[in-house]
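Worth saying up front: this structure is predicted, and the values here are computed from it rather than measured. Chain naming here is simple, since letters A, B, ... match the order of the sequence lines and numbering starts at 1 in each.
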Amino acid sequence: MTPAWFMGGLILGPLVAAALAFTFPKRGRGMACAAAGVVGIAVTALIRAVLGGGVSSHRVSGWGAPLGIDLRADGLAVLLLALTALIAVAVTGYAAPYLRATDSPEARHRERYFWPLLLFLWTALNALFLTRDLFNLYVALELLGFAAVALVALEGKGDALRAALRYLFVSLSASLFYLLGVALVYGQCATVDLALVAGRAQPGPALTVALALMTGGLIAKAALFPLHFWLPPAHANAPAPVSALLSALVVKGAFYLLLRLWFEALPVFHTPAAARLFGMLGAAAILWGSINALTQSRLKLLIAYSTVAQLGYLFLMFSLMTGRDGGFGAWCGALLLLGARACAKTAMFLAAGNILRAAGHDRINDLAGIAQVLPVSAFALGLAGVSLVGLPPSGGFAGKWLLLSAGLREGQWWGGAVILVGSLLAAAYIMRVMTRAFTPAAPGTAVRPVPPIMEWTALALALVAVGMGLAGSWLAELLRVGGPWP
Amino acid sequence: MNVLSLTLLGVLFSSLLTGLIIFFLKEESHRLRTWLNLLGAGLKLVLVVALLRGIYLGKTYAWSFEFLPGLPLALGADANSMLFVTLSTVLWFWTTLYAVGYLEDSPHRSRFFGFFSLCVTATTGIALSANLVTFLIFYELLTVSTYPLVVHRGTAKALQGGRVYLTYTLLGGAILLLAVAWLYSLAGPVPFKERGAIEGLMVSHRRELQWLFLLFMAGIGVKAAIVPLHGWLPRAMVAPAPVSSLLHAVAVVKAGAFGIVRIVYDVYGAENAAELGVLPPLAIAASVTIVYGSVCALFQDELKKRLAFSTVSQVSYIVLGTAILGPLAAIGGLVHLVHQGLLKITLFFGAGNYAETLGIHRVSEMNGVGRRLPLTTAAFTVAALGMIGVPPLAGYVSKWYLSKGAVTAGDHWVTVVLAASSLLNAAYFLPILYRAWFLPPPEKWPAEHSFGRWETHWMLLAAPLVTAALVIWAGVFAESAFSPLAWVKLIAAREYGP
Amino acid sequence: MFAIGFYSLVVQTHLLRRIMALNVMGSGVFLAFLALALKAAAPMPDPVPHAMVLTGIVVAVCATGLALALADRVQALEAKEETPAPETPPPGATGSEPEDVG
């Protein structure tokens, strides 16, 4: 079998499963497991192919650009595909008992739609990571947005619906901004294929406007400060597995597109001024998100604001990507950070879901005794926190180290300072939660039991986040494939 | 991967695996946990002895693994690291025994022993690190794994103490991270090397090196509890006695002191550091800490707090020895690393026994404890006298070399500091001994437990007796070939060389 | 049209109007595509933008459907909150079937 088969499997596997899960609602979970199997095999094979033979590409049904759909898998794409698969599998394992909590019509309704939507989201993400033309990327991004909005709305309560609608408006208008930019790019370059655009692009006002429109739209989708306002309510009101998916993967989808846009299609525009602008927005996001996280009274909101802060680190990379090694260090750092934080965030949201289930609330001030009732979840929360703060040997540390040393090497002291302050603030808000969790409970606090698999999924992901630091060299090798580095 | 590097990894993994397995043990499987603990500690001891023998025979141990591009995680065993690794391994064994006895029937023991083993892993890792980045990694791991031990009891006071501890150490860690990353951007991963690894930067980056030294000392000084960075130590004394004894008298503060030794000797090189003019400020900071810690100790009524301030003061002896140029002071400082560890752990074991057996936490309650717990009090007395520096006990040896080194280096004021400190040591230890032996015991102890045949649980008794014996051995047989002093002389000779 | 649509999206508070504003924005973008197709000054208009617009319209229809379904439920819930009548059955699906697009 060729890599083309695997790429096809990555998109068609979850898609077919989504359609089947929708048609046969009773089989939703089985479909998700089947899709996980297909994707797992395909991703593993694709990683081997990419490590062994470099970038693989495939033209769907033989049509080339500009009309056909080109699929391309390089190191970056494969890494994100694997990350998506990992998190989707974990969420699948977690969601099964989570959704069966109560046997009310609402719960059944939720379960009926959760599985197709999850699989659909997965399809959209895989398509997004494999596609290489601006228009198909738009379609994938839009589908991703629909699935995400519908998942937020699953809870069916007033707050969740309002948050979903707000999210939908932001998402749709951001996509339209992006699409308008695509139109302008097409007008200039007569193509939307990333590689061809890179070859034909001439810096000029039209392309500048196009890039600004696209970037603006994507920043809103990626929830970079100051366009992050929609994220905390949407993430905090969704069911725990959904929050995990949104925080770990969906916003990263838009970030991925930005990477492709700025570093692959239009690298000519990556000037020091643009880099500095991104860096400053990133720094502001880190500080603003962290400070807000510190002042939240609900655990899920705290985690959501911490997502805002973590996204800032990724954008900080843009300003550090000017190094002598072509910015490879900063690039690896940001992507390692992305991977580790995605796992850590998922673990945290899942653990928060457990706490919500056990205690019936997620008020940080009333978390006393959680460590005794849910030791595994509390442990997962702590380990994920270790990765989030960036203490060794976690993936968060490896990423932070790479970004920090890139910043120091380039003499960008302010970047280094922001990274350090950000991690201290992260330590402060994690500590706030952990201190409460380890306080002994007042006697007579009633808690509901939590199925062990829900606890262990959270812990497993937290362990991946911590262990990722040790695989840093291997991941860097993978990232090198297809990138513009020697 | 050969047998030599496997031994090295074995030292690390003997406690790491023990810890990880223990996390998953049920709370009730008491016997299994105890055996696992002792097995891990014993195995580590055997491996360390093998390592010592290998180094004695001239083998070199090294292992490295590139965990980020251009950033190796490297372990190695040189004379300096063996000093620390042997100390922590020997003391871990006895502390484990002590902790098993101490925590009998208390809740969350699996969690406790799991983190306890992780802590020792981190300490061993710090000792065996062969470059600065690896050191940093284990240093931070130590911070993370000690926090749950400090807050183990979960009381409001413990949580408060834990918060203070974490605030201090994380800030220190961030400063250290900055310093390491900065040096990395100048000189790569900086392998530890006798006489320094930054020779090439001495001329071109003089100013940066001075700033870096300040950052290093600020970052590591937190764990070494140098004034004014010592605030966490007395507050962290809320932890259970085995934690205070191993971690806060030996592992954490010693990791800090050892870090300073590494930075001065194996990153900068003592002579380079002296050339940069950064050693005198360090010596002054250490002296201030010595005197200040002793003065504070004088006014503490709570026994553990008195011991904590005494630690603040004593650990800076090591720093002082490092900061004074010359082999004699170096010997004094390094040997105190071992001696202070032995002395302080004995004192903490004693304090733990008083608390556990009689419910005594304050100095003012200690009247006549010598009659109720004669063996414990004897061990306590030996250690206290050693701390004061009574010959021929361990503390005397360190102080002797320190003052001789200071005089040789021409820093006469240091002898005044040492003398003042010894007087203060006597002033805060002798009243305790007097109360314990010569004042009549009260009618009733605050909370007495009976442990049958012995004056207290046999595990609680064995540990302080053994460490007290080691204190006597380290002092009396200081000149023999198998003493900490002999080993330290070897290190000093290599650092200062012919 | 794009600008007008975006302005209304920001200014309007009524959900239905905001959804319409989004549609106006979308139409603006599609027209821009078509204009670019004609601009190429060839005897035949460039077919690629037309294909894109077709796909885009399908996506937009789905989006509008989803938005309307959501808005409907929000309003149903709000009505329920205002008049505490016990039975207001939540209307059907979340509107999420646009699987075969793209």
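Counting only heavy atoms from C-beta outward, the side chains of B:Val180 and A:Trp401 approach each other to under 4.5 Å. Two residues are said to be in side-chain contact when any heavy atoms from C-beta on lie closer than 4.5 Å; B:Leu68 and A:Leu336 meet this criterion. No side-chain heavy atom of A:Trp474 sits less than 4.5 Å from a side-chain heavy atom of B:Phe67.
Counting heavy-atom pairs closer than 4.5 Å to chain A, the top residue among B:Val151, B:Leu141, B:Leu178, B:Thr167 is B:Leu178. Looking only at heavy-atom pairs under 4.5 Å with chain A, the residue among B:Leu171, B:Leu186, B:Leu136, B:Leu177 that has the most is B:Leu177.
Neither the backbone nor the side chain of B:Phe138 comes within contact range of chain A; no heavy atoms are under 4.5 Å apart. The part of B:Tyr147 that comes within reach of chain A is its side chain, from C-beta onward, which places non-hydrogen atoms under 4.5 angstrom from that chain. Of the atoms belonging to A:Thr435, heavy atoms from both backbone and side chain fall under 4.5 Å from chain B.
Heavy-atom neighbours of chain B within the stretch residues 426-433 of chain A, taken at a separation under 4.5 angstrom, comprise A:Ala427, A:Met431. The stretch residues 375-391 of chain A places A:Phe379, A:Val386, A:Leu391 near chain B, each with some heavy atom under 4.5 Å from a heavy atom of that chain.
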Do B:Tyr184 and A:Leu408 pass the side chain to side chain contact (heavy atoms under 4.5 Å, CB included) test, and can you show the C-alpha distance, the side-chain angles, and the key distance before you say yes or no? CA-CA 9 Å; B:Tyr184 176 78; A:Leu408 292 180; over 6 Å; no
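Judged purely by atom type and a 3.5 angstrom limit, A:Ser473 uses its side chain to pair as donor or acceptor with the backbone of B:Glu66.
For the atom pair CG of B:Leu73 and CG of A:Leu470, the computed distance is 7.5 Å after rounding to the nearest 0.5 Å.
Within 6.0 Å of CH2 in A:Trp413 there are more than 12 heavy atoms belonging to other residues, nucleotides or ligands.
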